[in-house]
Each structure stands twice: as C-alpha cells, then as structure tokens.
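Heads up: the structure comes next, in structure tokens.
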Amino acid sequence: MENNIGKDDINKLCDFLQGTDRFTQGPQVQAFEAAWSKWLGHRHSVFVNSGSSANLVTLLALSEKMNLPRQGEVITSPLNWSSDIASIFLAGFKPRFIDIDFKTLAMSPSLLETAKTPNTLAVLLTHILGFSGMTETMEVLLQTLELPLIEDVCESHGATYKNQKLGTLGLASNFSFYYAHHMTTIEGGMISTSDDDFYDLCRRIRSHGLLREAATTSAQEAFKSERPDLNQDFIFTHLGLNVRSTELNAVLGLNQLTSLDERIDRRNKNATQLYSQLNSDTFYTDFRFEGMSNYAFVIMLNPNQSQKWKDQAMTRLKAFLHSENIEFRQGTSGGGNMLRQPFIQKRLGPIDLADFPNVEHVHNYAVYVGNYPSLCEDKIQGFIEGLNGILS
Ligand SMILES: Cc1ncc(COP(=O)(O)O)c(C=O)c1O
C-alpha cells in the first residue's frame with residue numbers, strides 16, 4: 001500500500017481546524033453521512049469509528065429489531081473478518097458457517113438453503129476484496145427463504161451487482177474507512193440502511209443507547225411522556241456504547257469521497273491488467289469480475305492441481321514474493337479460514353475442516369498483494385511476468 005491521505009486532505013483538515021469550535025458529532029458528520037447515503041443509494045447512514053464498530057452496531061440493532069431473540073443463528077462464511085464473527089457472538093447470536101465459492105470468494109449460494117434452520121435470523125454476506133458476493137442464485141434464495149440480508153462491504157466500496165451498488169441489496173450494510181481501504185478517514189466506518197427503524201436503532205446504539213439520539217423528535221417526546229420517572233436527558237432505551245467518530249474524520253471522509261470513483265477505476269484497471277495475463281494453469285483466474293471494485297490482488301493457486309503440486313508451487317510463490325520484497329498476506333482476507341481461529345473454536349468446539357474444502361484451499365494456497373491507485377503499469381507487468389515464471 002501507499003499513503004492514502006493526500007496533501008489536499010491535510011489542507012482541508014487544517015482549514016477546518018482553524019475555523020471551528022466543534023470537534024465531534026456535528027455538521028461535518030451529518031454532511032458526510034448525507035453524502036455517503038447519496039453516493040451509495042441508501043436513505044440513511046450512521047458514521048462510526050471503525051468498520052468493526054459498524055459490524056457490532058448492526059448486529060446489536062438486528063437483535064433489538066427482532067426483540068432480543070434468545071436463540072438465533074446468523075449464516076456467514078469462514079473467509080471473513082474477525083469483527084463480523086465477533087459481532088455475531090457479542091449480539092448474542094451464533095454463527096452458522098457455510099463454505100465459499102471460488103468465483104466470488106464469498107459464501108457459496110448453493111449451500112445457503114441447507115444451512116437454514118428454524119433459528120436462522122439473517123444472512124451476513126461479506127463481499128471479499130472487491131468481488132461481488134451476490135449472485136442470481138443467492139438473490140432468489142434470500143427471497144424465497146425470507147432471510148434478511150446484512151452486507152459487509154468493508155473491502156468492496158463501489159462494487160455492484162446488476163449495476164446496483166453493493167451495500168444497498170439488503171436491510172443494512174457496513175463499510176470500513178481504515179487506512180488501506182478504497183477511501184479512508186484514517187479510522188472509521190459506516191452503517192447504511194433505508195429502513196427508518198433500523199436507522200433509529202443504529203443512531204441510539206452508536207451513542208450509549210440514548211433516547212436523545214433517536215432519529216425523530218416525535219419518537220423522543222412520545223417515550224419521555226411514558227416515563228416521567230426518568231431524568232429526561234438521560235434515558236437509555238437500548239444497550240449501546242460510544243462508537244462515534246469525530247468531525248475531523250468526517251472532513252477527511254467528505255474530501256476522499258470526491259475522488260472515490262476515480263480511485264476505484266484505477267484499482268480496477270490494475271486488476272484487469274493482472275488477471276487478463278495470469279497463467280491459468282498455475283493460478284485460479286475464473287473469478288466473477290462483473291461489478292468488481294478491486295481492493296487487492298488475490299493470487300490463488302489452481303485448486304484442480306494435486307496437493308504435491310500445490311505445496312511446491314506455494315513454496316515457489318512465497319519465495320518469489322520475498323525475493324522481490326513484495327508484501328503479501330497469506331490466506332487473503334482475515335488470514336484465511338476463520339474456523340481455525342482460537343476465539344471461534346473456544347465457543348463452537350471442534351469443527352471438521354473437511355466440510356470447508358474451498359476456504360481451506362484459500363487458507364493454504366492463496367495470498368493477497370496490495371493494489372492501489374498509483375501503482376504503475378510497468379510495475380504490474382513485472383509482477384505478472386514474475387508470477388507466471390514461478391514454476392519455470
Ligand atoms: C470484511 C471486513 N469487515 C470488517 C472490517 C473491520 O474494519 P475496521 O478495520 O475499520 O475495524 C474489515 C477490516 O479490514 C474487513 O475487511
């Protein structure tokens with residue numbers, strides 16, 4: 001990755017600091033939320049201090065919306081970020097995992113139907129590294145199974161499904177603006193929804209569960225008149241935390257948003273150059289590129305080759321990346337198979353990894369390498385040639 005904060009971001013921030021006496025949760029946050037909602041195509045957005053906080057507030061809001069169900073499962077995939085799964089647990093739910101599809105790296109639609117149980121409350125679909133995880137099969141199944149959809153778009157800002165932006169396909173969606181993402185507020189995250197009640201819940205949960213954060217004053221007044229015994233400025237209607245961000249981060253977000261589409265185009269151009277030339281005997285190249293907003297280059301060995309071939313090729317791949325000083329992450333998003341992580345095993349007990357062959361392949365035989373707007377064509381070309389030559 002290269003620095004994602006430009007000189008104009010810093011100038012905007014300095015100008016803002018010179019001219020304001022309000023530093024948190026004010027007009028800049030509101031303006032950023034409105035601009036984000038417009039760019040995305042949802043009615044409401046709630047700015048928080050990280051993508052993880054967006055995950056947590058969303059799952060807590062889901063629990064409140066469903067009246068705190070005692071038992072509840074959320075279907076998700078094991079190629080994920082830790083905060084998605086942590087938020088499922090923290091909201092009092094249980095994750096139910098289904099394996100991934102190589103084409104999208106997201107949960108496999110064909111496994112969705114059998115994963116549904118009477119306790120299933122929702123599907124948490126994480127779109128991986130800029131690929132759209134939504135497919136025709138999944139769209140139909142979500143409708144017929146009547147399952148609410150939460151989208152984690154933290155790695156896929158601007159990606160689309162049937163020309164509609166990811167993050168607008170379900171009840172609510174989450175974004176991260178951490179440093180290396182498509183745009184940044186240094187730290188930051190967003191929850192977006194068009195559901196008025198869900199928006200109201202997220203606003204309250206973001207700020208201690210306070211009634212005074214409710215989306216409408218009429219809701220506030222109605223509740224206050226019901227509870228005259230409470231001190232009216234301190235009514236905590238929901239279980240909440242303080243995960244707000246600041247005016248400073250919102251200033252950055254507003255400025256970065258103006259060039260987001262251009263950054264996405266450049267990242268996609270880089271990815272197209274790479275994937276159109278990668279050797280498809282050595283590497284998997286059959287991803288679903290339609291609607292992509294590439295975050296990073298996924299370099300995955302061909303899953304159809306033998307285990308012995310894959311072990312040797314992986315050793316060569318890593319040796320090449322090390323020798324060229326190219327930073328990479330094995331296992332791609334979140335380090336690969338989350339089912340191997342101690343915090344999950346502690347809660348769910350032993351899990352048979354043989355039930356998850358695709359994510360296991362990613363865990364062992366895939367890496368990602370950073371893609372960023374200023375990456376030049378020549379550098380990518382050298383990278384492609386090096387990759388294609390690892391077995392020669
Ligand atoms: C899919 C996904 N969800 C959630 C997060 C958490 O975002 P943050 O780092 O802003 O907390 C990340 C982080 O990169 C992510 O990739």
Side-chain angles (χ1 to χ4, degrees), residues 29-48 51 53-67 74-76 84 87 91 106 121-127 132-136 138-177 182-183 188-207 213-220 237-238 240 243-245 250 253-254 257 260-261 264 291 293:
V29 169
Q30 275 173 24
F32 181 37
E33 289 172 340
W36 182 261
S37 297
K38 189 163 177 236
W39 177 84
L40 183 67
H42 251 326
R43 277 224 300 282
H44 310 292
S45 293
V46 178
F47 186 36
V48 289
S53 297
N55 293 149
L56 179 59
V57 170
T58 301
L59 269 296
L60 291 175
L62 184 72
S63 166
E64 296 280 359
K65 190 176 167 67
M66 297 192 157
N67 275 326
V74 176
I75 299 175
T76 195
D84 288 273
S87 300
L121 298 177
V123 170
L124 172 53
L125 172 63
T126 300
H127 302 287
S132 166
M134 181 56 76
T135 62
E136 287 77 6
M138 185 171 302
E139 188 186 8
V140 170
L141 278 175
L142 287 170
Q143 270 166 18
T144 50
L145 300 175
E146 294 182 359
L147 284 171
L149 173 69
I150 310 275
E151 293 173 271
D152 183 328
V153 201
C154 286
E155 301 173 358
S156 305
H157 316 54
T160 56
Y161 169 68
K162 292 185 177 167
N163 294 322
Q164 189 180 335
K165 283 208 176 89
L166 301 187
T168 60
L169 308 177
L171 172 64
S173 56
N174 298 157
F175 292 84
S176 166
F177 304 126
H182 294 71
M183 62 165 267
M190 195 72 92
I191 304 154
S192 294
T193 181
S194 285
D195 182 302
D196 294 344
D197 294 338
F198 203 82
Y199 170 58
D200 179 76
L201 284 167
C202 291
R203 282 184 57 96
R204 296 188 204 199
I205 293 167
R206 167 180 68 177
S207 285
E213 292 290 330
T216 61
T217 42
S218 55
Q220 296 182 30
T237 52
H238 295 81
V243 292
R244 295 184 301 250
S245 187
L254 278 165
L257 188 51
L260 176 58
D261 290 333
I264 291 170
S293 172

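We number each residue from 1, following the sequence as shown.
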Tell me the closest heavy-atom pair linking [X] and [Y], and the distance in Å.
X	Y	answer
A172	T58	CB-CG2, 4.3 Å
C154	G51	SG-CA, 4.2 Å
T168	L40	CG2-O, 3.3 Å
R206	E33	NH1-OE2, 2.8 Å
A54	V48	N-CG2, 3.6 Å
H42	S194	ND1-OG, 2.7 Å

Are the side chain of [X] and the backbone of [Y] linked by a donor-acceptor contact shorter than 3.5 Å?
X	Y	answer
S245	G188	no
H44	T193	no
S207	R204	no
Q220	A214	yes

Just verifying a value: how many Å separate [X] [atom1] and [Y] [atom2], rounded to the nearest 0.5 Å?
X	Y	atom1	atom2	result
D200	I205	CG	CD1	9.5 Å
I150	L169	CD1	CG	12.5 Å
Y199	I191	OH	CD1	11.0 Å
S53	F47	OG	CZ	10.5 Å
D152	N55	CG	CG	5.0 Å
T76	L125	OG1	CG	7.5 Å

Using distance alone, with no hydrogens and no angle criterion, decide if S45 and S192 have a side-chain donor and acceptor under 3.5 Å apart.
->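 S192 and S45 do have a side-chain donor-acceptor pair below 3.5 Å.
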With a 4.5 Å cut-off on side-chain heavy atoms, are [Y] and [X] touching?
X	Y	answer
L171	K65	yes
L149	M138	no
M66	P148	yes
E64	L60	no
L56	V243	no
W39	K165	yes
V57	V46	no

Describe, in one word, how the ring planes of F177 and F32 are oriented to each other, choosing from parallel (under 30°), tilted (30 to 60°) and perpendicular (over 60°).
-> tilted
Using the ring of each side chain (for Trp, its six-membered ring), is W36 parallel, tilted or perpendicular to H157, with breaks at 30° and 60°?
->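 Aromatic pair W36/H157 classed perpendicular.
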In plain terms, say whether K162 and E139 are close enough for a salt bridge, that is, a side-chain N and a carboxylate O under 4.0 Å apart.
-> yes
Would E136 and Y161 satisfy side-chain contact (heavy atoms from CB on, under 4.5 Å), going step by step from the backbone distance to the final call?
-> CA-CA 9 Å; E136 287 77 6; Y161 169 68; 3.8 Å; yes
